[in-house]
Number of protein chains: 2
Amino acid sequence: MGKCEQCIIKQFNSMKTLSKDELMRISECKTSRKIKKGEVIFEEGEVINGVYCIKNGICKLSKLSENGKDQIVKMVVKGQLLGQRSLITDECSNLQAVALCDMEVCFIPKNEIMADLENNLKFSLDVLKVMARDLRESDNIIVNMAQKTVRKRLADVLIYLQNSFGVNADGTLSVLLSREDYANIVGTATESAIRIISQFKKENLISTKGKYIKIEDLAGLKRVE
Amino acid sequence: MGKCEQCIIKQFNSMKTLSKDELMRISECKTSRKIKKGEVIFEEGEVINGVYCIKNGICKLSKLSENGKDQIVKMVVKGQLLGQRSLITDECSNLQAVALCDMEVCFIPKNEIMADLENNLKFSLDVLKVMARDLRESDNIIVNMAQKTVRKRLADVLIYLQNSFGVNADGTLSVLLSREDYANIVGTATESAIRIISQFKKENLISTKGKYIKIEDLAGLKRVE
DNA sequence: AAAGAAATATGACCAAAATCATAAATCTTC
DNA sequence: GAAGATTTATGATTTTGGTCATATTTCTTT
């Protein structure tokens with residue numbers, strides 16, 4: 001099992017602010033875990049006794065609504081931490097986390113990470129910064145949900161996925177989502193998401209190979225109202 | 001002008017974790033300000049060089065959407081701090097703040113509050129906790145926006161206002177909002193908000209006296225789908 | 001108190017999106 | 001590789017909510 005103090009992943013999250021000693025201590029008690037695509041990392045309402053540091057892969061965070069639909073609130077990717085929010089407020093998880101592809105994560109027990117939070121000011125300030133940025137992002141999503149059409153939101157999601165998570169060798173989006181996932185990000189019925197994706201295809205804004213989607217006309221997608 | 005170290009308001013926000021010395025230092029450089037109902041406290045995109053501590057009153061935080069509508073994202077009330085998020089990420093404000101009634105606020109310059117954040121671990125941890133709770137709340141709003149009908153969201157808002165901000169002597173909601181404000185919280189057209197409020201009245205779920213709204217049948221409002 | 005402005009209310013109509021139904025394609029599993 | 005399950009696709013219909021138009025009421029200002 002790798003050592004935290006030598007792990008490059010920490011560069012991408014708040015753990016970069018920890019000292020070598022702190023990292024060595026964490027390294028001693030962390031556990032590595034492989035997660036298969038589709039596997040639940042934690043459930044909504046579950047007590048998460050620590051945080052996950054994502055070494056590889058990507059997962060979705062979602063919440064079940066009263067109408068039985070799962071709303072995807074955020075995607076968390078390689079390099080980021082998962083579960084800090086619940087840790088900080090000392091509550092059970094508000095969201096469910098599901099792997100969107102095979103993943104490798106390290107689990108750091110609550111006590112260890114809390115010790116650093118409560119002793120290392122640099123660390124807690126960095127976590128605070130990440131959380132403040134997440135909050136701005138969430139506020140922006142609220143505005144989009146409330147004020148934009150489904151068509152516009154779906155166009156935005158495609159652009160976001162390309163910008164944030166990149167493309168494969170053939171230009172298709174590297175994050176592979178089902179049509180239902182798209183619907184659950186945008187907050188619409190699966191049929192509506194499928195329909196709009198079909199429209200985008202007819203308008204030559206995108207092309208599809210099975211589940212894979214490739215943006216063909218980024219400027220055009222941006223122009224969608 | 002009052003002294004921070006003697007001010008009772010600090011009990012309700014992260015400033016309760018500051019020492020007497022820290023409070024005295026802040027007290028020296030803070031400025032008090034009265035704000036009239038409807039007045040803009042800060043604009044979206046404005047550089048806010050500090051935080052506001054709300055001594056009295058309530059304000060709305062909103063963001064202008066591309067379609068020209070203002071989406072209300074959050075209400076901030078007496079006892080809470082305003083503007084920490086932008087301070088922490090060192091960005092201009094993402095939201096506009098407008099007073100919903102006459103207010104009294106204290107403005108604490110950025111340098112002062114940052115000094116405490118960077119020196120007092122208790123303080124930064126408390127700010128972190130507040131931010132984590134705000135983030136959970138924002139995630140929940142996203143789910144509601146995406147999955148619930150306008151009617152249901154409006155019912156929820158009325159219940160939320162009663163629970164969070166209380167009622168006047170006659171039982172009307174103490175926060176006085178225009179129909180447009182209701183529309184901008186729920187994310188709908190003003191006419192739609194007015195229409196649904198009229199329906200609620202016909203169904204005896206609420207009663208109105210001019211702008212004032214009184215919940216008559218809380219259980220019934222909760223049952224709205 | 002009257003005039004004008006702004007907010008609230010309501011009707012008519014239209015557009016967006018949900019639901020229901022069914023077909024076609026793709027993926028699993030034996 | 002066939003059978004069944006799941007996912008994607010598309011049509012028909014209904015519902016929700018937005019837009020435009022126009023009263024009516026309430027609030028300001030003189």
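Keep in mind the model is a prediction, meaning the values are calculated, not measured. Naming convention: chains lettered A, B, ... in sequence-line order (proteins, then strands); numbering from 1 in each chain. Keep in mind that the numbers below use all heavy atoms, side chains included, and drop hydrogens, waters and symmetry copies.
The separation between A:Leu177 atom CG and D:dT8 atom C1' is 15 Å, rounded to whole Å. Put simply, CG on A:Leu176 is 14 Å from P on C:dT26, counting in whole angstrom units. One atom, CD1 of A:Ile197, and another, C1' of D:dT7, lie 12 Å apart when rounded to the nearest Å. Taking atom CD on B:Glu180 and atom C1' on D:dT19, their separation rounds to 15 Å, with Å as the unit. Rounding to whole angstrom units, OH of residue B:Tyr182 and P of D:dG17 are separated by 18 Å. Rounded to an integer number of Å, the gap from B:Asn184 CG to C:dT8 P is 12 Å. To the nearest angstrom, P of C:dT8 lies 13 Å from CG of B:Leu154. Following rounding to the nearest Å, B:Asn67 (CG) and D:dG17 (P) show an atom-to-atom distance of 16 Å.
When heavy atoms are screened at a 4.0 angstrom cut-off, A:Lys69 is found touching the sugar-phosphate backbone but no base atom. At a threshold of 4.0 angstrom between heavy atoms, the contacts of B:Thr149 are confined to the sugar-phosphate backbone, with no base atom among them. A:Lys201 comes within contact range of the sugar-phosphate backbone alone, with a heavy-atom separation under 4.0 Å but no base atom that close.
Between the CZ atom of A:Arg136 and the OG1 atom of B:Thr89 there is a distance of 6.0 Å, given to the nearest 0.5 Å.
Among the nucleotides D:dG18, C:dT19, D:dA9, the one closest to the side chain of A:Arg179 is D:dA9. The side chain of A:Glu191 has C:dC20 as its nearest neighbour among C:dT10, D:dT19, C:dC20. Side-chain proximity of B:Val150 to the nucleotides D:dG17, C:dA17, C:dC20 is greatest for D:dG17.
Position along DNA chain C of the nearest nucleotide to B:Ser198 versus A:Arg151 favours B:Ser198 as the more 5'-ward residue. Between A:Thr190 and B:Arg195, the residue anchored closer to the 5' end of DNA chain D is A:Thr190, taking for each the nucleotide with the nearest heavy atom.
The side chain of B:Thr188 contributes an N or O atom lying less than 4.0 Å from OP1 or OP2 of D:dG18. A:Ser192 has no side-chain polar atom (N or O) that falls below the 4.0 Å cut-off from OP1 or OP2 of C:dA17. Proximity of B:Lys211 to the phosphate of C:dT8: a side-chain N or O atom is located under 4.0 Å from OP1 or OP2.
A distance-only check finds a donor-acceptor pair linking the side chain of B:Gln80 to the backbone of B:Val77 [under 3.5 Å]. With A:Gln71 contributing its side chain and A:Ile185 its backbone, the two residues share a donor-acceptor pair below 3.5 Å. In terms of modelled atom types and a separation under 3.5 Å, the side chain of B:Glu44 and the main chain of B:Leu64 share a donor-acceptor contact.
The number of heavy atoms from other shown groups lying within 6.0 Å of NZ (A:Lys152) is above 12.
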